[in-house]
Amino acid sequence: MLKIYNTLSRQKETFLPLEEGKVGIYVCGLTVQNYSHIGHIRSAVAYDVIRRYLEYRGYDVTYVQNFTDINEKIVERAREEGLTAEELAEKYTQAYLEDIEQLNVKRASHYVKATENIDAIIGMIETLLEKGYAYEVNGNVYFSVENYEDYGKLSGRSLEDMQAGARIDIVEEKKNPLDFALWKKAPEGEKDWESPWGRGWPGWHIECSAMSMKYLGKSFDIHGGGADLIFPHHENEIAQSEACSGHKPFAKYWVHNGPVNLKGEKMSKSVGNFYTTRELLEKYRGVEVRYYLLTKHYRSPIDFSLEELEEAGTSLKRITNTINNLRRLLNTKVDIENKKAGEGEKLPDLAAIKDEFLQAMDDDFNTARAIGVVHDFVTAVNRLVNAQDFVLTESNYSFIKEADAIFTEILGILGLDVREADTQTAGEGLHEPLIELLLEVREMARQKKDWAVADRIRDGLNELGIIVRDTPQGVIWEKERG
RNA sequence: GGCGGCAUAGCCAAGUGGUAAGGCAGAGGACUGCAAAUCCUUUAUUCCCCGGUUCGAAUCCGGGUGCCGCCUCCA
């Protein structure tokens with residue numbers, strides 16, 4: 001039975017969709033103002049796994065993610081880059097989509113943009129005005145937090161709490177400092193839209209309410225986003241959505257992923273201490289970054305470090321090696337000894353392993369634990385397959401076949417595509433034939449047991465960044481990683 | 001100041017009141033001419049500190065200490 005931690009209740013709840021067999025998920029994406037960084041990617045991967053697991057469990061999932069493509073920051077950044085707001089948003093939207101593709105994140109059912117849903121946004125604001133939850137002043141429309149009785153239920157604070165420690169700019173025209181803009185006048189000369197209150201832009205929070213309801217209905221199952229969005233963004237979304245529709249709950253399960261910090265500091269665009277996804281992907285494969293993120297539970301904060309990312313790569317390699325090894329065995333159709341299922345042959349319990357994996361995933365998508373199970377599985381398989389007295393009996397063969405199928409199944413849930421890593425090719429400036437020639441000479445030396453010459457060649461190549469390895473199948477060389 | 005979260009081996013990390021998963025690094029071993037790569041084995045009498053509840057607590061309660069997030073249109 002799947003349990004999900006719901007920020008609204010602050011506890012794990014059994015997952016029951018509003019409509020049998022179907023799940024609607026809305027995830028707050030990002031403001032497309034720059035290249036994505038590891039924090040954005042963490043969010044993307046977290047919800048991708050949630051989505052994949054729900055699909056694995058047989059649900060028909062509608063996954064909606066937004067791009068905030070108009071606001072002050074977009075305009076500001078567009079000016080810096082000498083682009084229009086539309087061009088800038090388009091540029092970084094495409095960049096983001098490329099980034100997440102490398103992380104094997106599935107495409108959303110719908111990617112929605114504020115600028116493409118202005119009508120829905122205006123319609124919603126009109127309803128809020130009619131129902132008395134909003135007021136207009138000088139071309140700006142504000143939501144009145146005092147008129148919505150449940151304000152604060154998500155973040156667990158009362159209006160009094162918030163006003164007490166207020167660090168909010170006092171805006172004279174607001175009735176309450178916590179009131180937030182639904183519609184705002186745009187700065188002179190910037191892209192804006194006609195509305196009943198004059199030309200302007202939507203406020204930040206309203207787009208998510210309008211678009212989620214448009215695509216998923218007045219109530220839907222899961223609303224996700226970064227924990228930093230709990231207040232004020234999601235609090236405001238709930239207030240305006242429930243006030244507008246009269247339906248509760250707006251979203252049944254509120255899911256929040258933890259932040260990514262760097263050297264103990266919060267990593268964000270404003271601090272400027274982040275790695276962009278592109279920078280990381282120059283040095284690390286998408287699958288490694290994804291694996292690294294999944295070794296921690298999605299709600300825990302991550303203190304990002306390249307050392308850990310590196311270690312994750314090593315850890316992942318262990319899994320990859322085992323799978324490649326299984327596939328190699330499956331391809332050796334020869335020599336399946338007739339020996340029937342050996343007496344005393346004890347094979348790992350595959351069903352139990354899979355079950356354990358699913359239990360971990362059922363427990364609020366505990367990928368860290370699930371990956372632990374994968375490693376247990378790896379050890380169990382290696383122990384069998386690498387045993388000195390291992391022979392490919394019929395029963396072993398079918399075991400391997402099934403083990404391979406289970407690996408594919410559970411790694412698919414995690415979205416870890418561990419197919420053979422790219423084979424590194426020769427270093428620049430070094431001619432392959434030359435290397436081959438050197439290795440040929442080395443082989444001759446080895447035949448004569450002239451270890452000094454053989455080792456000199458190996459060490460020399462090593463200094464040039466070429467790693468030489470002797471294997472039972474012959475010598476292998478590859479370019480040093482990184 | 002207000003709200004919330006976290007403290008588990010050198011590092012990362014999971015953990016449903018019943019006697020500490022997993023990974024990385026380290027150590028030992030197999031393999032190798034030696035290596036490399038790979039594989040196997042091994043590494044916490046104890047879970048920040050002090051009390052309490054309980055037959056029994058890393059897990060629950062109270063207090064303390066330390067760190068972090070949010071309260072700023074950052075995922």
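Note on naming: letters A, B, ... go to the chains in the order of the sequence lines (proteins, then strands), and numbering restarts at 1 for each one.
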Colleague: Between R469(A) and rU38(B), is there a contact of a side-chain N or O with OP1 or OP2 at under 4.0 Å?
Modeller: no

Colleague: Quote, to the nearest angstrom, the P distance that separates rC60(B) from rG22(B).
Modeller: 23 Å

Colleague: Is a side-chain donor-acceptor pair under 3.5 Å present for E310(A) with Y284(A)?
Modeller: yes

Colleague: Would you say N386(A) reaches rC40(B)'s phosphate, i.e. side-chain N/O to OP1/OP2 under 4.0 Å?
Modeller: no

Colleague: In terms of side-chain geometry, is the basic nitrogen of K283(A) or E288(A) positioned less than 4.0 Å from the acidic oxygen of its partner?
Modeller: no

Colleague: If you compare every side-chain N and O of K317(A) against the phosphate oxygens of rU38(B) (OP1, OP2), does one of them come in below 4.0 Å?
Modeller: yes

Colleague: Tell me whether W201(A) contacts the main-chain N or O of K191(A) through its side chain, where contact means a donor paired with an acceptor under 3.5 Å.
Modeller: yes

Colleague: Can you tell which of rG69(B), rG33(B), rG2(B) lies closest to the side chain of R157(A)?
Modeller: rG2(B)

Colleague: For the pair made of CG in L178(A) and P in rG2(B), what is the distance, rounded to whole Å?
Modeller: 17 Å

Colleague: Using atom CD1 of I41(A) as one end and atom P of rC74(B) as the other, report the distance to the nearest whole Å.
Modeller: 18 Å

Colleague: Mind checking R442(A) for me? I need base, sugar-phosphate or nothing, with any heavy atom below 4.0 Å counting as a touch.
Modeller: base

Colleague: Quick one: do E76(A) and R79(A) make a salt bridge, cutoff under 4.0 Å?
Modeller: no

Colleague: For the residue pair Y142(A) / E173(A), report whether a side-chain donor-acceptor contact shorter than 3.5 Å exists.
Modeller: yes

Colleague: With a 3.5 Å cut-off and sequence neighbours excluded, list the donor-acceptor pairs that the side chains of residues 358-371 of chain A form with protein atoms.
Modeller:
unit_1	atom_1	unit_2	atom_2	d
Q359(A)	NE2	D355(A)	OD2	3.1
D362(A)	OD1	Y53(A)	OH	2.9
D362(A)	OD1	R57(A)	NH2	3.4
D362(A)	OD2	M1(A)	N	3.4
D362(A)	OD2	R57(A)	NH2	2.9
D363(A)	OD1	K12(A)	NZ	2.8
D363(A)	OD2	R369(A)	NH1	3.1
D364(A)	OD1	Y5(A)	N	3.0
D364(A)	OD1	Y298(A)	OH	2.7
D364(A)	OD2	Y298(A)	OH	3.4
D364(A)	OD2	R299(A)	NE	2.9
D364(A)	OD2	R299(A)	NH2	2.8
N366(A)	OD1	A368(A)	N	3.4
N366(A)	OD1	R369(A)	N	3.1
T367(A)	OG1	L294(A)	O	2.8

Colleague: Paired with rC60(B): which nucleotide, if any, by Watson-Crick or G-U wobble criteria at under 3.5 Å for both distances?
Modeller: rG52(B)

Colleague: State, to 0.1 Å, how close F304(A) and L280(A) come at their nearest heavy-atom pair, and which atoms those are.
Modeller: CZ-CD2, 3.8 Å

Colleague: Once you apply a heavy-atom cut-off of 4.0 Å, does V468(A) come out as touching a base, just sugar-phosphate, or nothing?
Modeller: base

Colleague: With both distances kept under 3.5 Å, what pairs with rU65(B), Watson-Crick or G-U wobble?
Modeller: rA7(B)

Colleague: Please state the P separation for the pair rU38(B) and rC61(B) - nearest whole angstrom.
Modeller: 45 Å

Colleague: Whole-Å distance between rC60(B) P and Q11(A) CD?
Modeller: 14 Å

Colleague: May I have the distance from H233(A) (atom NE2) to rG69(B) (atom C1'), rounded to whole angstrom?
Modeller: 18 Å

Colleague: What is the base-pairing partner of rA27(B), counting Watson-Crick and G-U wobble geometry with both distances under 3.5 Å?
Modeller: rU41(B)

Colleague: Please report the interatomic distance CD(E13(A)) to CG(L8(A)), rounded to the nearest 0.5 Å.
Modeller: 7.5 Å

Colleague: How far, in whole Å, is rC12(B) from rG18(B) if one measures between their P atoms?
Modeller: 26 Å

Colleague: In terms of side-chain geometry, is the basic nitrogen of E81(A) or K91(A) positioned less than 4.0 Å from the acidic oxygen of its partner?
Modeller: yes

Colleague: Report the distance from atom NE2 of H205(A) to atom C1' of rU72(B), rounded to the nearest whole Å.
Modeller: 11 Å

Colleague: Please give the distance between the P atoms of rU8(B) and rG15(B) as a whole number of Å.
Modeller: 14 Å

Colleague: Could you tell me the separation between the CZ atom of F67(A) and the P atom of rC74(B), rounded to a whole number of Å?
Modeller: 17 Å

Colleague: Considering only the P atoms, how many Å lie between rG51(B) and rG56(B), rounded to the nearest integer?
Modeller: 16 Å

Colleague: Select base, sugar-phosphate, or nothing to describe what G29(A) touches, counting heavy atoms under 4.0 Å on all strands.
Modeller: sugar-phosphate

Colleague: Heavy atoms under 4.0 Å, any strand shown: does E307(A) hit a base, just sugar-phosphate, or nothing?
Modeller: nothing

Colleague: Please report the distance, rounded to the nearest Å, between NE2 in H256(A) and C1' in rC70(B).
Modeller: 11 Å

Colleague: Starting from P on rC39(B), measure out to CG on N324(A) and report it in whole angstrom.
Modeller: 11 Å

Colleague: Which whole number of Å gives the distance between the C1' atom of rC47(B) and that of rA27(B)?
Modeller: 24 Å

Colleague: Quick one: look up who rG1(B) pairs with, Watson-Crick or G-U, both distances under 3.5 Å, and put none if it's unpaired.
Modeller: rC71(B)

Colleague: Looking only at N and O atoms, is any donor in the side chain of D470(A) or the base of rC34(B) less than 3.5 Å from an acceptor on the other one?
Modeller: yes

Colleague: Quick one about Y47(A) and N257(A) (side-chain donor to acceptor, distance below 3.5 Å, no hydrogens or angles considered), yes or no?
Modeller: yes

Colleague: Can you give one letter per nucleotide of nucleotides 9-25 of chain B, going 5' to 3': B for a protein heavy atom under 4.0 Å from the base, S for sugar-phosphate only, - for none?
Modeller: ---SSSS-----BSBS-

Colleague: Applying the Watson-Crick and G-U wobble criteria at under 3.5 Å, what pairs with rU16(B)? Answer none if nothing qualifies.
Modeller: none

Colleague: Work out how far the C1' atom of rA75(B) is from that of rU19(B), and round it to whole angstrom.
Modeller: 40 Å

Colleague: Taking for each residue the nucleotide of RNA chain B bearing the nearest heavy atom, is the 5' side occupied by A387(A) or by G156(A)?
Modeller: G156(A)

Colleague: Sticking with atom C1', work out how far rC49(B) lies from rC67(B), rounded to a whole angstrom.
Modeller: 15 Å

Colleague: Checking all strands, does I230(A) fall into the base, sugar-phosphate, or nothing category for heavy-atom contacts under 4.0 angstrom?
Modeller: nothing

